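Model, not experiment: these values are computed from the prediction. We name chains A, B, ... by the order of the sequence lines, and we start the count at 1 in each one.
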Number of protein chains: 2
Amino acid sequence: MAVMELRHLRYFVAVAEKLSFTAAADALGVAQPPLSQQIRDLETEIGTRLLERTTRRVSLTQAGQDFLVRAKAILHSAQDATERAHAIGCGSVGVLNVGLTGSMLAGPLGGLIYKFQETFVGVDIQIHEMSPDKQIAALKSGQTDINFLRTPPQDPDLTSELAWSEGINVVLPKGHSITTESVTLSCLKDEKFVFLRLRDSLFARHILQCCIGSGFYPTISQQAVEAASLTSLVAAGFGVALIPEFVAKLAHANVTYRPVVSPILSADVHALYHLRSGPMARNFLALMRSDAERLATELRQG
Amino acid sequence: MAVMELRHLRYFVAVAEKLSFTAAADALGVAQPPLSQQIRDLETEIGTRLLERTTRRVSLTQAGQDFLVRAKAILHSAQDATERAHAIGCGSVGVLNVGLTGSMLAGPLGGLIYKFQETFVGVDIQIHEMSPDKQIAALKSGQTDINFLRTPPQDPDLTSELAWSEGINVVLPKGHSITTESVTLSCLKDEKFVFLRLRDSLFARHILQCCIGSGFYPTISQQAVEAASLTSLVAAGFGVALIPEFVAKLAHANVTYRPVVSPILSADVHALYHLRSGPMARNFLALMRSDAERLATELRQG
DNA sequence: GCCATTCATACGCTGAGCTTCTTAATGGCG
DNA sequence: CGCCATTAAGAAGCTCAGCGTATGAATGGC
């Protein structure tokens, strides 16, 4: 027993719309006899006549009229399904879940997301703010497709890629004795420091190593979890802090920011994604790379 | 270039639901290699991967997840379309348009329609009241599927079939001199008559012939178009009228009804339908015949 | 490190669907 | 009234799509 295929529907719709087997066969690019046969098979399969035909006239039965509407809808659905799947496969439609820590949007990421949205209007970008320790779990569970963080973990399933590098600023409480436009790390050796929690933050440990490299072990008065909290603690008088350049854009009234010029310090942000992350994530990464290259070129030229 | 067929969807859905080629192949009753090949063809056709597969694990891509939902919907639609078409072909669902004149429902037709509705619950019966001259046009244009009238026309496209026969009653105004339980036609020879318009009504001409056959030419004081109007004209004092038995069921306060027993008169109602009327009409006719037969048997026995 | 399991590939075969040729039927036209 | 053009259906042969069998490659479990 033959089963119904889309071919039967295509043939039937052609005949039903032309009300002629020969015209339909011509339009379909097949000969007339196989068309007649396929229609016959379809009618046998359904168990009722769809077309009433004499040698001079072809007309739809009531069943045929109903079936025509549905057949066209099915063919349309099939076309639509393939187009949608293709679009999703290309990464031009769908939902892209981006995971990041709260302070990350202050840097180039905001503009990057805006540009991506402009290019891929069919993609809905969902931004999930989450603490660094939850990011890996979110990626692995598929909750997010791509995450941005300063501490790329070593995980065989996950790939990390440098997104951008920032300079380091020192945050000084208002009225602090240092008044120079820029500072060196060593002139901070007698200060009290507010740090990110060393246990969690690769960035904090990196800064610590830099201090040691500059010849002193910093006195740590407080440890915070969120980078944005550091500024507030400085404002409250707990000491000074070293923060990524772009976090300093989130200005605070009772502190001042000064770039650290010696040694040259940098805070790296990494894009982290799953090995089998979708095409949207790859498109995002591609845009990110081209954007980084553009920035580098501009810096070189300007 | 191969085109997509329902087979591809069936295969894909099977694999996507089992998340295993071998299990799906087993369920589909085919070997695993052709299944792999069909999936590959489908992916080529769509232009993107739908399934991510290693030798140990099969998983859906984002495109695959979307496509799975749509593929299942399409297969369901196809099944639904065939079932609906089959049902329409059998006459068990659809709309049956019945055309009739206003007074026709008083007879056996009401019960017949009720019984038909009980048997074919999927059929929506639409009753169209219309004047006799519009019935043929309605049938030919497809506006109605089956019509009931007392004057079957001779038309090569239309078939008529005796639906039932009724006796004839005479309608007398209240206080008329005739007081017997039943009357003969000849004892009405000196009455004034209200008739249906002779130009339109085969029934009226039939009655006229019967009067002539009984030895008199009736004095016609008024002619009406609707059978139901005759009773009102009698009540108004325009004379007496001869009407089909079942129309007399529509009782009127100021008249009395008496059967005409000699000669035996009958008013026939015919079912009229198109040569290519649908299966619902045929089902209705079949029920009508069996009902008529049942009535005849009951009459014979009782 | 071996083995079992599973998906992909290779290859030959069967039959479904196609083309061509032909027949039957019907409406239009002279 | 009969011929012809037109159209759907039937017959026969062919081609290739899809299937089955056999085999290979890869991966996770023991």
Query raised in the report: Is the distance from OP1 or OP2 of D:dC19 to the nearest side-chain N or O of B:Gln32 less than 4.0 Å?
Result: no
Requested in this report: Kindly point out which of C:dA8, D:dA8, D:dA9 is positioned nearest to the side chain of A:Arg53?
Outcome: D:dA9
Query raised in the report: Below 4.0 angstrom, N of the basic side chain to O of the carboxylate: do B:Glu43 and B:Arg53 qualify?
Result: yes
Query - Nearest-Å distance for atom pair CD/P, residues B:Gln38 and C:dT9 - result: 14 Å
**Report entry** B:Gln37 CD - D:dT23 P separation (whole Å)
**Finding:** 19 Å
Query raised in the report: With respect to the side chain of A:Asp41, which nucleotide from C:dG17, D:dG28, C:dT26 is positioned closest?
Result: C:dG17
Query raised in the report: Any chance the side chains of B:Asp80 and B:Ser77 put a donor and an acceptor closer than 3.5 Å?
Result: no
Query raised in the report: Do A:Lys72 and A:Glu17 meet the salt-bridge criterion of a basic N to acidic O distance under 4.0 Å?
Result: yes
Report summary line: side-chain contact (heavy atoms from CB on, under 4.5 Å) test vs B:Leu50 passes for just one of B:Leu42, B:Leu60, B:Asp66, namely B:Leu42
Query raised in the report: To the nearest angstrom, how far is A:Glu45 atom CD from C:dA16 atom P?
Result: 14 Å
Query raised in the report: What integer distance in Å separates B:Arg57:CZ from D:dA26:C1'?
Result: 15 Å
Query raised in the report: Between B:Leu35 (CG) and C:dT9 (P), how many Å, whole number?
Result: 14 Å
Query - A:Thr61 and A:Gln65 side chains, donor-acceptor separation under 3.5 Å - result: no
Query raised in the report: Are any of B:Arg40's side-chain N or O atoms less than 4.0 Å away from OP1 or OP2 of C:dT9?
Result: yes
Report task. When you get a sec, tell me which of C:dT19, D:dG20, D:dG28 is the closest nucleotide to the side chain of A:Ala31? Result -> C:dT19
Query raised in the report: Side chains of B:Asp145 and B:His274: do they bring a donor and an acceptor to under 3.5 Å?
Result: no
Query raised in the report: How many Å lie between CD1 on A:Ile39 and C1' on D:dG10, as a whole number?
Result: 17 Å
Query - Residue A:Ser36, side-chain heavy atoms: nucleotide from C:dC18, D:dG20, D:dA8 that is nearest - result: D:dA8
Query - Rounded interatomic separation in angstrom, taking CG from A:Leu50 and P from D:dA8 - result: 16 Å
Query raised in the report: On a plain distance test, is the side chain of B:Arg56 in donor-acceptor contact with the base of C:dT5 below 3.5 Å?
Result: yes
Query - Nearest-angstrom distance from the residue atom CG of B:Leu51 to C1' of C:dT6 - result: 14 Å
Query - Closest to the A:Pro34 side chain, choosing from C:dC18, D:dT7, D:dG10 - result: C:dC18
**Report entry** Sidechain N-carboxylate O distance under 4.0 Å for A:Asp291, A:Lys115
**Finding:** yes
Query raised in the report: Which comes earlier along DNA chain D counting from the 5' end, the contact point of A:Thr55 or that of A:Pro33, where each point is its nearest nucleotide?
Result: A:Thr55
Query raised in the report: Does anything in residues 4-25 of chain B reach DNA chain D, meaning a heavy atom under 4.0 Å, and if so which residues?
Result: B:Arg7, B:Tyr11
